[in-house]
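Working notes, beginning with the structure itself.
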Amino acid sequence: MMPPPNFNRLARLYRWMELFSFGPWLMLCRCAFLNECLNSCRALALGDCDGRFTARLLRENPTLRIDTVDASSAMLRDLSRRARPHADRVRTYHADVRSLQLANPTYDLILTHFFLDCLSTEEVKTLAASLGSAVCPGCLWIVSEFAIPSDQFGMLVARPIIWALYRVFGWLTGLQVRSLPDHHLALRQAGFTLEKQRCWLKGLLISEVWSAADCSQSSSAGQSRGG
């Protein structure tokens, strides 16, 4: 198993790096399906970086309880600071999610915002299989990610941007992954169904809602695309 990237040194600069490189688009992508999260009771957030989305979700959903997991202690401190008004509803875990052991989980919401791209396809498969067997039926999985569209824009613009991002973050954090994982394949194999998708910046960014199949339903249920 490859060591997790070290985002500690970027914690204080992460928000400004994000704004400088993509403006408001990453946060818009995270919040695209915020309304889908307002009826959830128990959430698992993996790698939410500095916690801006977690803090906003806690404000919007006053009954939600969130467990957050990150390999960066500095990012977890920033998240805890931003979520301080709701500290009684947040638990933080400093851990590598690839070896995460969940004790009697009852999550009805999973959140991975610009996190799966730090994993290989096989690692996402393992993670999705582990979570797919441990969540409530009908659990929602909200995904925000980079993508490479299968058109001229994807080849000439998106692919070079993704290549550059991997090299920069590899240099800054030690991230060893060099290409986007096939999270669609991984989530489908784990029994999740794509329900909604929105694309941003001509498909460079995507926001998605996946759902865990009920025991009485097939994981091959049809999907619909929104936005």
Tell me the closest heavy-atom pair linking Leu187 and Ala128, and the distance in Å. CD1-CB, 4.2 Å
Any Leu111 side-chain heavy atom under 4.5 Å of Leu57 side chain: yes
Verdict with reasoning, Leu185 to Val124, per side chain to side chain contact (heavy atoms under 4.5 Å, CB included): CA-CA 9 Å; Leu185 174 64; Val124 179; over 6 Å; no
Does Met155 have more than 12 heavy atoms from other residues, nucleotides or ligands lying within 6.0 Å of its CE? no
For atom CH2 of Trp25, decide whether the heavy atoms of other residues, nucleotides or ligands shown that lie under 6.0 angstrom number more than 12. no
Would the distance check show the side chain of Ser130 and the main-chain N or O of Thr126 forming a donor-acceptor pair, the cut-off being under 3.5 Å? no
With a 4.5 Å cut-off on side-chain heavy-atom distances among I, L, V, M, F, W and Y, is there a chain of contacts connecting Leu119 to Val143? yes
Non-hydrogen atoms of Ile110 and Cys139 that approach each other most closely: CG1-SG, 4.0 Å
CD of Glu122 to CG of Asp182: how many Å apart, nearest 0.5 Å? 10.0 Å
Indicate the atoms forming the closest heavy-atom contact of Arg178 with Leu175, along with that distance. NH1-O, 2.7 Å
Does Val168 share a hydrophobic cluster with Trp16, counting links as ILVMFWY side-chain heavy atoms below 4.5 Å and allowing steps through other members? no
Linking I/L/V/M/F/W/Y whenever their side-chain heavy atoms sit closer than 4.5 Å, directly or via other members, would Tyr166 and Trp171 fall into one cluster? yes
For residues Val90 and Arg65, determine if any side-chain heavy atom of one lies less than 4.5 Å from a side-chain heavy atom of the other. no
Can you tell me how far the CD1 atom of Ile161 sits from the OG atom of Ser21, to the nearest 0.5 Å? 10.0 Å
Taking Arg52 first and then Glu18, would you say they form a salt bridge - that is, a charged N and a carboxylate O separated by under 4.0 Å? yes
When rounded to the nearest 0.5 Å, the distance separating CG of Leu109 from CG of Leu140 is 6.5 Å
If we only count heavy atoms from C-beta on, is the Met17 to Leu172 side-chain gap below 4.5 Å? yes
List the steps and the verdict of side chain to side chain contact (heavy atoms under 4.5 Å, CB included) for Asp117 and Val177. CA-CA 8 Å; Asp117 52 33; Val177 174; over 6 Å; no
side-chain contact (heavy atoms from CB on, under 4.5 Å) with Leu204: which of Val157, Ile162, Ile148? Ile162
Assess, by modelled atom type and distance only, whether the side chains of Asn61 and Thr63 contain a donor and an acceptor separated by less than 3.5 Å. yes
SG/Cys118 to CG/Leu46 distance, rounded to the nearest 0.5 angstrom? 11.5 Å
Is Arg12 salt-bridged to Asp50, going by a charged N under 4.0 Å from an acidic O? no
Can Lys196 and Glu36 be counted as an ion pair, charged N to O under 4.0 angstrom? yes
State, with a plain yes or no, whether a side-chain heavy atom of Leu127 is found less than 4.5 Å away from one of Phe115. yes
Considering residues at least two apart in sequence or located in another chain, which fulfil the salt bridge (Lys or Arg N to Asp or Glu O under 4.0 Å) criterion with Asp78? Arg81
From Phe53 atom CZ to His113 atom NE2, the distance as rounded to the nearest 0.5 Å: 3.5 Å
Over 12 non-hydrogen atoms of neighbours within 6.0 angstrom of CZ in Arg98: yes
So among Glu208, Glu145, Gln189, which one has a side-chain hydrogen bond (donor to acceptor under 3.5 Å, both in side chains) with His184? Glu208
Between OG1 of Thr121 and CG of Leu180, what distance do you get to the nearest 0.5 Å? 9.0 Å
Which heavy atom of Ala71 sits nearest a heavy atom of His94, and at what distance? O-NE2, 3.0 Å
Just checking Asp96: does its CG atom have more than 12 heavy atoms from other residues, nucleotides or ligands closer to it than 6.0 angstrom? yes
Are Ser144 and Thr112 close enough that some pair of their side-chain heavy atoms sits under 4.5 Å apart? no
Ile142 with Leu34, same ILVMFWY side-chain cluster at under 4.5 Å: yes
Side-chain contact, heavy-atom cut-off 4.5 Å: Ile206 with His183? yes
Nearest heavy-atom approach of Ser73 to Asn8 is N-OD1, 3.2 Å
Let's go through Lys202 and Asp151 carefully: what are the C-alpha distance in whole Å and the side-chain angles of both, what is the deciding distance for salt bridge (Lys or Arg N to Asp or Glu O under 4.0 Å) to 0.1 Å, and is it a yes or a no? CA-CA 10 Å; Lys202 296 186 177 181; Asp151 56 14; over 6 Å; no
Flag the pair Phe169 / Leu10 as yes when at least one side-chain heavy-atom distance between them is below 4.5 Å, and no otherwise. yes
How close do Ser207 and Trp200 get, counting heavy atoms only, and between which atoms? OG-NE1, 2.9 Å
Flag for Thr193-Trp210: side-chain donor and acceptor within less than 3.5 Å: no
Before you tell me yes or no, could you show the steps for Ile66 and Arg91 under side chain to side chain contact (heavy atoms under 4.5 Å, CB included), namely the whole-Å CA-CA distance, both residues' side-chain angles and the distance that decides it to 0.1 Å? CA-CA 6 Å; Ile66 300 182; Arg91 295 190 300 186; over 6 Å; no
Check whether any side-chain heavy atom of Asp67 sits under 4.5 Å from a side-chain heavy atom of Tyr107, and report yes or no. yes
Suppose we call two aromatic rings close when their centres sit under 6.0 Å apart. Are Phe146 and Phe22 close by that rule? yes
Distance only, no hydrogens: is a donor on one side chain within 3.5 Å (strictly under) of an acceptor on the other, for Asp48 and Thr54? yes
